[in-house]
Amino acid sequence: MPNRFTIKDLLFLLIGLVVCLLLFLNMVKTNREVEALAGVEEALQDQAATLQELIHAIADPTDGARVMFRDSFPAVPTEALASDITFSSPSSAVNRRGLDQQWQTAPDSQLPADFAPGGTIIHIRNAEPATLTPFVARDSYANDIHADVFEKLCWRNLEPPFHYVPGLARSWIVSDDGLELVFHLFPNARWSDGKPVTADDVIFTLDLVLNERVDAPMPRSLLADNVADYVALDRHTVRFRMQRPYFDAVGICGNLLWILPRHIYGEFEAETYNSRIGDLCVGSGPWLVESWDRGRQLVLKRNANYWGPKPALNKQVLRFITGELAELQEFWAGNADIIGPTEEQWIVYADDPRLKERGEAISYYTPLRGYYFFGYNLRLAKFADKRVRQALTMLLDRQAMIDTLRGGLGRIVTGPFYFGSDQYDTTIEPWPYDPDRARQLLGEAGWSDTNGDGVIDNDLDGDGAREPFQINFLAARSNLHERYQRYVQAQFKQAGIQVNLDQLEWSVFEQRLASRDFEMIVMAWTGNPETDAFAMWHSSQVTDQGSNIVGFVNDEADRLIEQARQTMEYEPRMELWRQFHRLLHVEQPYTFLFTGPRLTFIDQRFKNVQRRSLRLYTSEWYVPADLQRR
Amino acid sequence: MITYIVRRILLMIPTLLGITVMVFLIVRFAPGNPVAAPRDAGAISSESRAAVEAYYEKKLGLDQPIWRQYFNWWRSMFSAQIDAPAWTDEPEPRPIYIVGDATGASAESTRTLLVKGADGQWVQLVAINTDGAPQARIVGRPRRAQLSGTFIPLDKQINEHEIRRYRYSATVFAVTLGQSQTSRTTVMHELRRRLPITLLINVIALALIYVIAIPTGVVMAVKRGGRFDVGSNALMLGLWSVPIVLAATVFVGYLTTGGAGLPWFPNHGLSSIDAERLPFFAWLGDRAWHLVLPVICITYGGFAYLAKQMRAAVLDNLTMEYVRTARAKGVSGRDVVLHHVLRNSVLPLITMFATLLPYLIGGSVIIEKIFNIEGMGLFTFRAVMNRDYDVVQAMALIAGVLNMTGILLADIAYAVVDPRIAFE
């Protein structure tokens, strides 16, 4: 048998395979060695840079204190807060010098003894941004990174009432009629490559967003609806003209867009900008994107050339871990410094001695978090009567929902505004949990169980036949929503209302919202420091996929919204919003439920972790030198 | 044989067309659409929802007639624009932006560079020659190109002032398999990144399953009714009945760092935080260490089915007359099983292998989610959830192609293994 496959053949084959494998492994090894060398080189460069900085600091002692610390955020001069249109006269304009002084701790002696620049913080994110291209990215993960890398003309102060404070613009003036805004840029503002930030870059950014072919429909529609034109008056001055007075004109013009460098982003055509430069992220902020290893981590590095006060930390590593369990375990293992635990994890560990040993648990209510609600489709006859809607709210013990379904994490809200803002009327008492009164109200509205089948009925269409009170309750699929749904089902049943539950995937749920094909929903809106009620509540937003999903139409509400939107002075506008809040409370187009806190576990190495109301601000933290990790 | 194979491959073409139509229709008529607003911690923003949805509906061509959408899909699968840095033949393009002076590129040695001349013209530099003159080429072979400016011929040397003169921007033929709306790259690009990960895990797992299950099945059949047969049968069925979700969660909870039990294994991913800095063998060990739990999770449930198939096939053959004849001739029991029975028992295994091909690249959503591995499973799953049409369609199409290929390969393998089977 000449063709027989013998042991010898097998041996040859095996040896051949092993040789191939070894060759391959050797190649990989060499490759990795080269890469490791590159890493060493990079580390050396880093050290050189650090040395340079040190030398610089020694040579110029004042520079050492140019670090954000303590009350990093400038206390806004009180006269400027007379209205929301801050810094309205040149005399009250804050110049960069003044800001610097507030930002620094002034003399070195006031820095705590353990203060030291440098150190790394490791964040965990549950998902990776799809792209880093500004305005094209729609997820909050990209937004967080942009907030470190880019700057806006002005920022929201991190503390209530969240007035605007200087960003790239050192001051701005709003004309008395609210139609003209002039922003003055800091002349010393620089892109991370050292080129100056000019009015031309602002104009470029606006042009880019308004380009119909760029995937930025959200900011574009806000700009197009409000801004009439904009022009650069000189190298550091930009003037906007509004189409009509709008209370948040400063926000639209100054706080909506990240300002982009024309000399970088201006090189791309719209299609390229949309989808092919996802890892390009160059701005003027205190941080730089150093590297992005897709699927694993993104590294932000302190911008050594930052034109303003620099953060103390040297590096932020954002690791992408989808599993909640793994996220927590990485925190325990010391491989993550700051994580956002789930509500369940918080309940279990917030008071755990193990956590106390490791760091601390911070929870805070930010206006950005928004609120949960049950919405009723007011186009349906059964929800048309406000007594019915009040009754439905009173059938639900919202505090008990927080305590039992959410482990105590939440605060009841009575309206669509942030409870810590002046928009929110704190005198409003939430509707009580009162099933008896609810039943009475339902009775007054004509609902009663006439046929004894346990379900109340009413003749809504006037044809003589009584229809039972049945509600189809729709939710996007999630455990939490399902808990809410079951609770509602049980509570409503006691009053003789039959609830059918339905859960859909988010994209299907969204489609049903858009086609207004629902009876009752549970949902959450995100919030703002000052919420414009127009999109959610104005009667013009009922059609065309507007956000007035439930179809709330009320002349008085329309009037209040319209008036508030064009009232530029702060206090009178707040009064209008509060009036609107009271109106909504009585109308109950939603059952307003509660707002949840943002939850954070943070490693104890970090000092000066201020409890900010808007968001935690990494740039003001530091790590004592002996606790810093490489 | 050859004619048979050719005929089969030709027959695959109409089947494939049918698959694309079916896949397309199913995806398009599924409820939900890709324009839904993104959520932040479960909440969505009320601002400009209408404008955003209208924009993306138009952009994705969802307002066009359905047949046109179908052809748009074909076009997007096989075309790419090449005015862009992200589209190169490098697996991970890392463009470096040099503004102004193109000679600055020479310092950057061999990486793929995107260099811009003084008048805003972009050109891709692939290598820098020793004499300092950058070499430029356009990646891909432009066909129906809409050009602005002139093309630089492949591998033609150009120098600095020439770079300023040239600009390219064209739609070229390229297998991109469509655009992912959620990750904003081409499907092909994502595949290149994720396929190796999934293949690595699945090939190891499958090899393990076969290596363990086949001998077990044979021994079970030979010693049927014995203690080994009953014992391993019970054990495998027991393993088979443990849900992967449970096992994986228990593993992560109790056997990993930061967990409640023994910190033996890493708790997520395929490498440690600073794996790049490790020397080669430490890196290899680190990777292996990360693979242990996911591979166990994929493997443990797979023994039962395969071992039982093998056992049944061997048993069938053991009762055949040729076996009795062989035994009667005095062939030893061992030789009978290894040389005669085994060869005749692998037919069902081949059938099974055919169905495994699509599974190999499919990836497991559960494993990838729990162990935080960015492979094919999560990618497809997210695409389905976000109604990322191009991705879902591409994945279904790939699964279809692989299925057909698998069946074809199996048929050929039959003919090779069993001389009685011939296709003419």
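Just so we're on the same page: letters track the sequence lines, and every chain starts at 1.
With a 4.5 angstrom heavy-atom cutoff, A:Phe320 touches chain B only via backbone atoms. Looking at A:Asp532, there are no atoms closer than 4.5 Å to chain B (heavy atoms on both sides), in backbone or side chain. Contact annotation for A:Arg477: neither backbone nor side-chain heavy atoms come within less than 4.5 Å of a heavy atom of chain B. Of the atoms belonging to A:Arg512, not a single heavy atom falls under 4.5 Å from chain B. For chain B, no part of A:Asp139 is nearby; none of its heavy atoms comes within less than 4.5 Å. Proximity to chain A (any heavy atom under 4.5 Å) is shown, for B:Arg194, by neither the backbone nor the side chain. Of the atoms belonging to A:Glu212, it is backbone heavy atoms, and not side-chain ones, that fall under 4.5 Å from chain B. At a 4.5 Å heavy-atom cutoff, the contact between A:Asn528 and chain B is made by side-chain atoms alone. If you measure heavy-atom distances from B:Tyr56 to chain A, the contacts under 4.5 Å come from the side chain alone. Both the backbone and the side chain of A:Met218 come within less than 4.5 Å of a heavy atom of chain B. Heavy atoms closer than 4.5 Å to chain B are found in the side chain of A:Thr131, but not in its backbone. Proximity to chain B is limited to the side chain of A:Leu325, based on heavy atoms less than 4.5 angstrom apart. For A:Val136, the parts sitting under 4.5 Å from any heavy atom of chain B are the backbone and the side chain alike. In this structure, chain B has heavy atoms under 4.5 Å from both the backbone and the side chain of A:Glu330. There is no contact between A:Leu480 and chain B, counting heavy-atom distances below 4.5 Å. Heavy-atom distances place no part of A:Ala137 under 4.5 Å from chain B, backbone and side chain included. There is no contact between B:Ser180 and chain A, counting heavy-atom distances below 4.5 Å.
Checked against the 6.0 Å centroid criterion, the rings of A:Tyr590 and A:Trp525 do not qualify as a close aromatic pair.
Per-residue counts of heavy-atom pairs under 4.5 Å with chain B were compared for A:Phe534, A:Phe509, A:Trp332; the largest is that of A:Trp332. Taking A:Ser507, A:Ala130, A:Ala476, A:Ala333 one by one and counting their heavy-atom pairs under 4.5 Å with chain B, the maximum is reached by A:Ser507. If you tally non-hydrogen atom pairs under 4.5 Å between each of B:Thr185, B:Asn386, B:Thr257, B:Thr249 and chain A, the highest count goes to B:Thr257. Options A:Arg220, A:Met523, A:Glu505 differ in how many heavy-atom pairs under 4.5 Å they form with chain B, and the most are formed by A:Glu505. Ranked by heavy-atom pairs under 4.5 Å with chain B, the first of A:Glu327, A:Arg138, A:Glu33 is A:Arg138. For the set A:Ala216, A:Gly323, A:Pro217, the count of heavy-atom pairs under 4.5 angstrom toward chain B peaks at A:Pro217. Between chain B and the residues A:Thr322, A:Asp215, A:Val28, the most heavy-atom pairs under 4.5 angstrom are made by A:Asp215.
For the pair A:Leu599 and A:Glu343, the minimum side-chain heavy-atom distance is below 4.5 Å. A heavy-atom distance below 4.5 Å is found between the side chains of B:Leu62 and B:Tyr389. Residues A:Thr120 and A:Val317 have side chains in contact (heavy-atom distance under 4.5 Å, counting atoms from C-beta outward). Taking 4.5 Å as the limit, some side-chain heavy atom of B:Ile201 sits within range of a side-chain heavy atom of B:Ile373. Using a 4.5 Å heavy-atom threshold, the side chains of B:Cys297 and B:Phe371 count as touching. Proximity of A:Ile252 to A:Leu223: side-chain heavy atoms (C-beta onward) are separated by under 4.5 Å at one or more points. Using a 4.5 Å heavy-atom cutoff, the side chains of B:Val35 and B:Tyr55 are not in contact.
In this structure, B:Glu368 does not pair ionically with B:Arg382, as no charged nitrogen and carboxylate oxygen lie closer than 4.0 Å. Salt-bridge annotation for B:Glu374 and B:Arg193: absent, with no side-chain N of the basic residue lying under 4.0 Å from a carboxylate O of the acidic one. Between A:Arg294 and A:Glu128 there is no salt bridge, since no side-chain N of the basic residue sits under 4.0 Å from a carboxylate O of the acidic one.
The cationic group of A:Arg358 does not satisfy the cation-pi geometry with A:Tyr349, failing either the under 6.0 Å distance to the six-membered ring centre or the 45° limit from the ring axis.
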From CA spacing to verdict: side-chain contact (heavy atoms from CB on, under 4.5 Å), A:Tyr484, A:Tyr372
CA-CA 11 Å; A:Tyr484 296 157; A:Tyr372 276 99; 4.2 Å; yes
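A donor and an acceptor atom, one from each side chain of A:Gln329 and B:Thr256, are located under 3.5 Å apart.
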